[in-house]
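Bear in mind the structure is a predicted one, so any value in this text is a computation, not a measurement. Residue numbers start at 1 and run along the sequence shown.
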Amino acid sequence: MSGEPIGRVVIVGGGTAGWMAAAAAARFLDDGRRTVTLIESDAIGTVGVGEATIPPIRGFNARLGIDEADFLRATGGTPKLGIEFVGWRDGTDRYIHPFGTHGRDIEGLNFHQLWLKLRDAPGIGGIEAYSMSAVAARAHRFAPPSPDPRSPLSGLEYAYHFDAGLYAGFLRARAEAQGARRMEGRIVGVEQDARGHVAAVRLEGDRRVEGDLFIDCSGFRSLLLGETMGVAFEDWSHWLPCDRAIAVPTARTAPLLPYTRATAHGAGWQWRIPLQHRTGNGHVYASAFTSDEDAERTLRAHLDAAPTAEPRRLSFRAGRRMRMWAGNVVALGLAGGFLEPLESTSIHLIQTGISKLFGLFPDMRFTDVERDEYNRLMGDQYASIRDFIILHYAATTRDDTPFWRHVRTMALPDTLNRKIALFREKGRIFRYDDELFAVPSWVAVLLGQGVVPDGYDPVVDALDADRVAEAMRQMRASYTAMAAQMPRVE
């Protein structure tokens, strides 16, 4: 038997996480009886460095009824076909982790298995040549995917670069138009009931806001989940030692690249994110291996245009809260955890947290079964993304600085060790549960980092090698021809 329905949803904190939650709640939870209230203070800044996304953001926007052209215009958005990694393998290399697929599977065999067998045959080339997204990105061109499975564009996927602050404002306007209420003010106290649930938050000016479900979007402070509910933080900095970032915008430069760039430096890496009105840049680094001053000098030395504002500094720890949902509090975004933005997953983790909360939306009983399932799903999601990010460091052959010597020799999570070992043997990759990154993503990064299998799936030998090689050459040519026809990104 169901309990009394939740009537008051209170979101603590604004920024990207808060307004994504408010927009979704106003769209899907407001049945005329529920209220959605977001509390934020203009005096408290937001991090706002996440400006690159991955393809699921398109589904989130679509479910909110957002028109893509309106969204891109409002946020300064540009298309993103993947991420280019520069210098991550040996310091001189570059490869793209593209969105979408590699080639086409044949007889149920992953395309990369065919490529592993035939990669040295005439006219085959590197695996990047079989990704429509990668080929288009290298040509600085973009077109939407095609629903026609015969078209090379059917394998293309894309996401966006956008201004996270403008996105939050865009969602705020939609949320408020659909009934969400914003309250300005700084929270000075939290009240709990006899069960230990949050009953209300107190604001400056002797104001009090009661609620049934509280969504914690208070950033690194984790006011409700961490401070009030006492949920401990699981530190992953022994695997991900980068703990600082410096961000600075520069003027827009041409050409407008349809991909993010991540360039490895001596004690971390630098991002480059092209928007319509500017370029976002930042240096993520490990303070144990370089000083803040040297990190800023490195960033400034590698900008491709003059800065348009003063640098902003950020300190963080990689990891997550042991639970994302405790009592009647659910944390989203930085309040729940942080993984460095190497694969642009920060906004996705907010999005998936919202989606899973709505899929397991409680009543006033707040049963353990719903909480436990949410925590299991979110824990798995964080761990799988963590492993994918660690891979970029662990698979390097760089030996030129103490930082790279540390990450290439550190002990790895067992889950990642198994993934790498299976791939080294015969190129096999298995995706577990609702793991975010699919087979093509693991293939792109593993091969890009120089992890080449010793063999391939023996089932491939049942296929006619000459016919498969000819099909691959035709496939490669079709991707090149299609990219030449696509519009340039302007």
Side-chain angles (χ1 to χ4, degrees), residues 1-13 16-38 56-57 59-64 171 175 178 180 192-193 195-199 211-218 222 224-226 228-232 234 320-337 339 345-386 431-436:
M1 180 181 296
S2 296
E4 180 184 349
I6 285 171
R8 300 167 299 180
V9 178
V10 178
I11 301 165
V12 172
T16 308
W19 286 111
M20 285 179 73
R27 172 73 173 82
F28 298 113
L29 298 181
D30 184 8
D31 57 2
R33 294 174 294 173
R34 291 191 183 96
T35 61
V36 177
T37 303
L38 182 144
I57 188 66
F60 180 80
N61 282 355
R63 287 190 291 276
L64 292 184
L171 292 177
Q178 293 177 324
Q192 292 175 271
D193 63 20
R195 292 188 296 174
H197 287 196
V198 172
D212 301 322
L213 172 68
F214 287 81
I215 300 178
D216 188 352
C217 300
S218 62
S222 193
L224 299 184
L225 189 72
T228 303
M229 303 302 291
V231 176
E234 184 178 5
R320 68 173 183 93
R321 297 286 163 181
M322 299 292 289
R323 291 170 289 153
M324 301 292 172
W325 180 349
N328 65 337
V329 173
V330 176
L332 296 175
L334 302 178
L339 296 172
T345 55
S346 295
I347 288 176
H348 173 78
L349 283 166
I350 298 168
Q351 169 190 333
T352 197
I354 293 169
S355 174
K356 293 184 191 313
L357 174 59
F358 288 179
L360 291 162
F361 200 74
D363 54 40
M364 290 296 291
R365 296 175 301 162
F366 288 97
T367 63
D368 289 341
V369 66
E370 291 161 338
R371 261 194 309 262
D372 291 348
E373 183 65 4
Y374 184 88
N375 287 325
R376 184 188 71 81
L377 291 170
M378 290 303 295
D380 288 349
Q381 191 84 179
Y382 267 83
S384 66
I385 293 172
R386 174 204 67 194
R431 192 180 184 192
Y432 303 104
D433 297 325
D434 64 344
E435 188 176 315
L436 173 60

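Annotation: ring-ring contact (aromatic ring centres under 6.0 Å, His included) contacts of Y374 (sequence neighbours excluded): W325. For the side-chain contact (heavy atoms from CB on, under 4.5 Å) test, residues two or more places apart in sequence or in another chain that qualify with A25 are L29, V36, F358. By the side-chain contact (heavy atoms from CB on, under 4.5 Å) test, Q178 is found to be paired with A26, R27, residues two or more places apart in sequence or in another chain being considered. Residues passing the salt bridge (Lys or Arg N to Asp or Glu O under 4.0 Å) test with R63: none are found, sequence neighbours excluded. The salt bridge (Lys or Arg N to Asp or Glu O under 4.0 Å) search around D368 returns R371, not counting sequence neighbours.
Here Q192 contributes atom CD and M229 contributes atom CE; the two are 6.0 Å apart, rounded to the nearest 0.5 Å. With rounding to the nearest 0.5 angstrom, the CG atom of L64 is 8.5 Å from the CD1 atom of I354. Here the CG-OG distance, from L360 to S355, works out to 9.5 Å after rounding to the nearest 0.5 Å. Rounded to the nearest 0.5 angstrom, S222 OG and L334 CG are separated by 10.0 Å.
Proximity of a side-chain donor or acceptor of T352 to a complementary backbone N or O of L349 within less than 3.5 Å is not detected. With hydrogens and angles disregarded, a donor-acceptor distance shorter than 3.5 Å links the side chain of D363 to the backbone of G3. Here the side chain of R321 pairs a donor or acceptor atom with the backbone of V231 at under 3.5 angstrom. Judged by distance alone, the side chain of N328 and the main-chain N or O of H197 form no donor-acceptor pair under 3.5 Å. Within the 3.5 Å criterion, the main-chain N or O of L436 finds a donor-acceptor partner in the side chain of R431.
When every heavy atom of S384 is checked against every heavy atom of E435, the shortest pair comes out as CB-CG, 3.7 Å. Scanning all heavy atoms of the two residues, the minimum distance from L38 to G18 falls at CD1-O, 3.4 Å. The two atoms that bring N375 and M324 nearest to each other are OD1-N, 2.9 Å, heavy atoms only. Residues S346 and L339 come closest through the heavy atom pair OG-O, 3.9 Å.
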Can you check side-chain contact (heavy atoms from CB on, under 4.5 Å) on V9 and T35, steps first, answer last? CA-CA 6 Å; V9 178; T35 61; over 6 Å; no
Could you go through L224 and S218, starting from their C-alpha distance and side-chain angles, then the distance that decides it, and tell me whether this counts as side-chain contact (heavy atoms from CB on, under 4.5 Å)? CA-CA 8 Å; L224 299 184; S218 62; 5.9 Å; no
L213 vs V10, test: side-chain contact (heavy atoms from CB on, under 4.5 Å). Steps then yes/no. CA-CA 6 Å; L213 172 68; V10 178; over 6 Å; no
For W19 and I11, what are the C-alpha separation, side-chain angles and deciding distance, and is it a side-chain contact (heavy atoms from CB on, under 4.5 Å)? CA-CA 9 Å; W19 286 111; I11 301 165; over 6 Å; no
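A salt bridge is defined here as a Lys NZ or Arg NE, NH1 or NH2 lying under 4.0 Å from an Asp or Glu carboxylate O, and D372 with R376 fails to meet this definition.
Considering only heavy atoms from C-beta on, V330 stays 4.5 Å or farther from D216 through its side chain. A heavy-atom distance below 4.5 Å is found between the side chains of I6 and F366. Between P56 and Q351, the closest side-chain pair of non-hydrogen atoms falls below 4.5 Å. Residues F60 and I347 are not in side-chain contact: their nearest non-hydrogen atoms beyond the backbone lie 4.5 Å or more apart. Residues I215 and L357 meet the side-chain proximity criterion, which asks for heavy atoms closer than 4.5 Å. D434 is listed as a side-chain neighbour of Q381, based on a closest heavy-atom distance under 4.5 Å.
Identified under the salt bridge (charged side-chain N to carboxylate O under 4.0 Å, His left out) test for residues 2-13, with sequence neighbours left out: R8-E210, R8-D212.
Within 6.0 Å of CE on M322 lie no more than 12 heavy atoms contributed by other residues, nucleotides or ligands. Around atom CZ of R195, more than 12 heavy atoms belonging to other residues, nucleotides or ligands sit under 6.0 Å away.
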